Amino acid sequence: MKTFDVLVVGELNVDIILDDIQGFPKIGKEILAHNFNLTLGSSSAIFASNLCALGSTVAFMGKIGTDDFAVTVESSLRQKNVDTGFILKSDTYKTGATVVMNYDMDRANITFPGAMEHLKEEEVTDAILKSAKHLHLSSVFLQTALKKDIVRLFKRAKNLGLTTSMDPQWDPQETWDLDLSQLLPVIDVFLPNVLEFQFLTDSDNIASGLKKMSPIANHVVIKDGENGAHLWSDGAMVSKTAYRNDTVVDCIGAGDSFDAGFIHRYIQGKPLTECLEFGNVTGAINTTASGGTAAFKNREYIGAIAKNQFSYDIEK
Ligand SMILES: Nc1ncnc2c1ncn2[C@@H]1O[C@H](COP(=O)(O)OP(=O)(O)OP(=O)(O)O)[C@@H](O)[C@H]1O
Ligand SMILES: [Mg+2]
């Protein structure tokens, strides 16, 4: 018997969110933001929290410091019932933090990675992997120590019988150096957004990128913001349009919430097109509140937003 549905291995940080800013900051000057929020950040943590709120059982494996932000990260995860027992606390490194400057639908981020850069592949032991049915990893480019052994981690997970998924997220160095020919065969569901997909495949459109990925990939899900998302599987592509939200608060974490919806249904063995649809629902729900987790308080709350704003019954 597995203890958890999903093991999330990944980066942990807080988001310091500045909203309603008077223009763009300039060196040597000061401007004001008229709203502020301190929340659990990090792609992996938003994914884990929201997946748990949807009803999956989730454990987290990552590295934080012993500072106040570490307390915020851990308590936020626990509030969402994410198991934090595997998280390593470092005396040497500080907990990561991202300053998020929101401008209408877009944003500029600055991240201090801290402890997240120092999680090592061998620290994710077989015993930890064996505790779950599915492994999800996000933000590989922020986890430099883990990244160099990422293929080995996924191979071990597959050998131990787990299903796997990965959201690569943005590469701050913009080198996009991932060994896809080794990595994609051991990832069941690969979840980049359009831009990440194009950089990773060195292509200027989805069709030519898929041509390159098709000999090595299993299922590829490409997130396309307010356009929705595309699923490539068994040689065919299916696209689904997004749920329209005319009152978007912000889009922080929409991709992670999409992933949570998709994987929640995927581990239940639902058809991939249903997973895609549900990803679009949870992505849209994410845009109804500030930050990545505020709209995902619990299943009942999520269900009410889905029903009232997007006419979708999450129990169907
Ligand atoms: N304005 C919007 N209205 C409705 N749905 C949206 C909107 N923006 C995003 N979504 C939903 O969220 C999903 C993920 O969004 P997006 O493509 O921005 O992912 P991402 O770039 O990976 O995001 P993140 O910055 O969180 O990593 C989309 O595929 C879509 O289903
Ligand atoms: Mg993303």
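When a residue number appears, it is its place in the shown sequence, counting from 1. Remember, it's a predicted structure, so these values are computed and weren't measured experimentally. First listed ligand is number 1; within each ligand, the first listed atom is number 1.
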TODO: Keeping the roles fixed (side chain from Arg299, backbone from Leu54), state whether a donor-acceptor pair exists under 3.5 Å.
DONE: yes
Task: Phe190 ring center within less than 6.0 Å of His219 ring center - done: no
Open item on the list: In this structure, is the centre-to-centre distance between the rings of Phe24 and Tyr103 below 6.0 Å?
Closed with: yes
Open item on the list: Run the salt bridge (charged side-chain N to carboxylate O under 4.0 Å, His left out) test on Lys307 and Asp313 for me, step by step, so that the C-alpha distance in whole Å, both residues' side-chain angles and the decisive distance to 0.1 Å come before the verdict.
Closed with: CA-CA 6 Å; Lys307 194 165 169 219; Asp313 177 6; over 6 Å; no
Open item on the list: Checking Glu121 against Arg156 for the salt bridge (charged side-chain N to carboxylate O under 4.0 Å, His left out) test, could you report, in this order, the C-alpha distance in whole Å, the side-chain angles of both residues, the deciding distance, and whether it holds?
Closed with: CA-CA 10 Å; Glu121 184 259 348; Arg156 282 174 47 224; 2.8 Å; yes
Task: the Mg ion (ligand 2): protein N, O or S atoms [distance under 2.8 Å] - done: Gln169 OE1
Task: Glu277 side chain to Tyr243 side chain, donor-acceptor N/O pair below 3.5 angstrom - done: yes
TODO: Classify the side-chain pair Asn35/Asp20 by whether it contains a donor and acceptor separated by less than 3.5 Å.
DONE: no
Quick one: which ligand 1 atoms are inside 4.0 Å of a heavy atom on [X]?
| X | result |
| --- | --- |
| Gly228 | 28 (C), 29 (O) |
| Gln169 | 27 (O) |
| Val248 | 1 (N) |
| Asn280 | 29 (O), 30 (C), 31 (O) |
| Tyr243 | 3 (N), 4 (C), 5 (N) |

Task: Partner of Ser257 under side-chain hydrogen bond (donor to acceptor under 3.5 Å, both in side chains), chosen from Asn286, Thr287, Thr293 - done: Asn286
- [ ] Take atom CG of Asp234 as the centre, draw a 6.0 Å sphere, and report whether it contains more than 12 heavy atoms from other residues, nucleotides or ligands.
- [x] no
TODO: Check each heavy atom of Asp224 against ligand 1 and say whether those closer than 4.0 Å belong to the side chain, the backbone, both or neither.
DONE: backbone
- [ ] Please work out which of the three classes, parallel, tilted or perpendicular, describes the rings of Phe278 and His264, given edges at 30° and 60°.
- [x] tilted
Open item on the list: Please state which option from Glu226, His230, Lys240 has its nearest heavy atom closest to atom 2 (C) of ligand 1.
Closed with: Glu226
- [ ] Using heavy-atom distances, let me know which of Gly225, Gly292, Gly261 sits nearest atom 10 (N) of ligand 1.
- [x] Gly225
Open item on the list: Any nitrogen or oxygen of Glu196, side chain or backbone, less than 3.5 Å from one on ligand 1?
Closed with: no
Open item on the list: Would Gly279 count as a polar contact of ligand 1, with the cut-off being nitrogen or oxygen pairs under 3.5 Å?
Closed with: no
Open item on the list: Taking side-chain hydrogen bond (donor to acceptor under 3.5 Å, both in side chains) as the definition, give me every residue that meets it alongside Thr84, ordered by chain and number, with sequence neighbours left out.
Closed with: Arg78
